[in-house]
Amino acid sequence: MKIIVKNSKKEIAEEVSDIIINGVKENPRIILGLATGSTPIDTYKDIIEKAKEQKVDFSKVTTFNLDEYLDNPDETQSYRYFMDTHLFNGININKKNTHFPGIDNIGTYDEMIAKSGGIDIQILGIGRDGHIGFNEPGTPFDSKTHIAELKEETIKDNSRFFRSIDDVPTRAVTMGLDTILHARKVILIATGENKAEAIKSMSEKNDVNCPASILQKHQDALIYCDKEAAELINK
Ligand code: PGA
């Protein structure tokens, strides 16, 4: 695991979008693992712009998203809707090649990923409590795709996207920590001072109380932080 500190979230988006665009150019059949949340939005915007400018073909790319809400009555709050809006509708990806975990494929999602050849690059955000995907503190490091109960802090954080906190689903299906660790390359992005504690703990301890700390075991994990997110770590 390598921590890379950049001056701004704009710089991070420029660099991470380059990694993805170059990955697709080198391997048009690349398998991408994707994340939702506010963190990757700038990166997705840059990918769309660069794909247009450089005429990059996404038609053979396959994607697996990290997670999806369960019991979510509002389609516009689904992570499928988020990905369509922030990335898929802006590139020429074949939606049939875009996958999400859900109630019907909990037991087979890891197998689907493995059969497709495995994830080449996995994009991640991080929660204030150190979660990745919906793997909250306490989730075993050997977990596969599973149903997760959202912690109160996560429900509160996610309520900013909903009309009221009561509308936030309390369960989700998420790739497990072992699923994520299997990706060949992992890129975790953390921006803003509210992520500083999580970055500090993922860089110091390595235990289930900080799920992101599993990445210490990964051979090719890049942790992109802006100055604010990196302010509590020793450089
Ligand atoms: P955020 O969420 O990008 O909206 O901060 C990150 C996460 O919870 O993984």
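Just the heavy atoms: all of them, side chains too, but no hydrogens, waters or symmetry mates, feed the values below. In what follows, residues are counted from 1 in the order of the sequence shown. First listed ligand is number 1; within each ligand, the first listed atom is number 1.
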Exercise for the section: Check the surroundings of atom CD in Glu53: do more than 12 heavy atoms from other residues, nucleotides or ligands lie under 6.0 Å from it? Expected result: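 Yes, the 6.0 Å shell around CD holds more than 12 heavy atoms from other groups.
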Problem - Whether over 12 other heavy atoms sit under 6.0 Å from Lys217 NZ - result: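 Counting other residues, nucleotides and ligands, NZ of Lys217 exceeds 12 neighbours.
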Handout entry: Separation of Ile113 CD1 from Lys144 NZ (nearest 0.5 Å)
Key =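 Reported to 0.5 Å precision, the distance equals 10.5 Å.
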Practice task
Under the side chain to side chain donor-acceptor pair (under 3.5 Å) rule, what do Arg80 and Thr98 come out as? Steps first, then yes or no, please.
Solution key: CA-CA 9 Å; Arg80 155 72 68 187; Thr98 63; 2.8 Å; yes
Problem - Listed partners of Ser38 passing side chain to side chain donor-acceptor pair (under 3.5 Å), at least two apart - result: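 Partners of Ser38 by the side chain to side chain donor-acceptor pair (under 3.5 Å) criterion, ordered by chain and then number, come out as Arg160.
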Handout entry: Between Tyr81 and Asn72: side-chain donor-acceptor atoms closer than 3.5 Å
Key =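 No, no side-chain donor-acceptor pair sits under 3.5 Å.
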Practice task
Show the protein residues that qualify under the rule heavy atom under 4.0 Å from an atom of ligand 1, listing them in chain and number order.
Solution key: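 Ligand 1 is contacted, at a heavy-atom distance under 4.0 Å, by Gly37, Ser38, Thr39, Gly125, Ile126, Gly127, His131, Arg160, Lys195.
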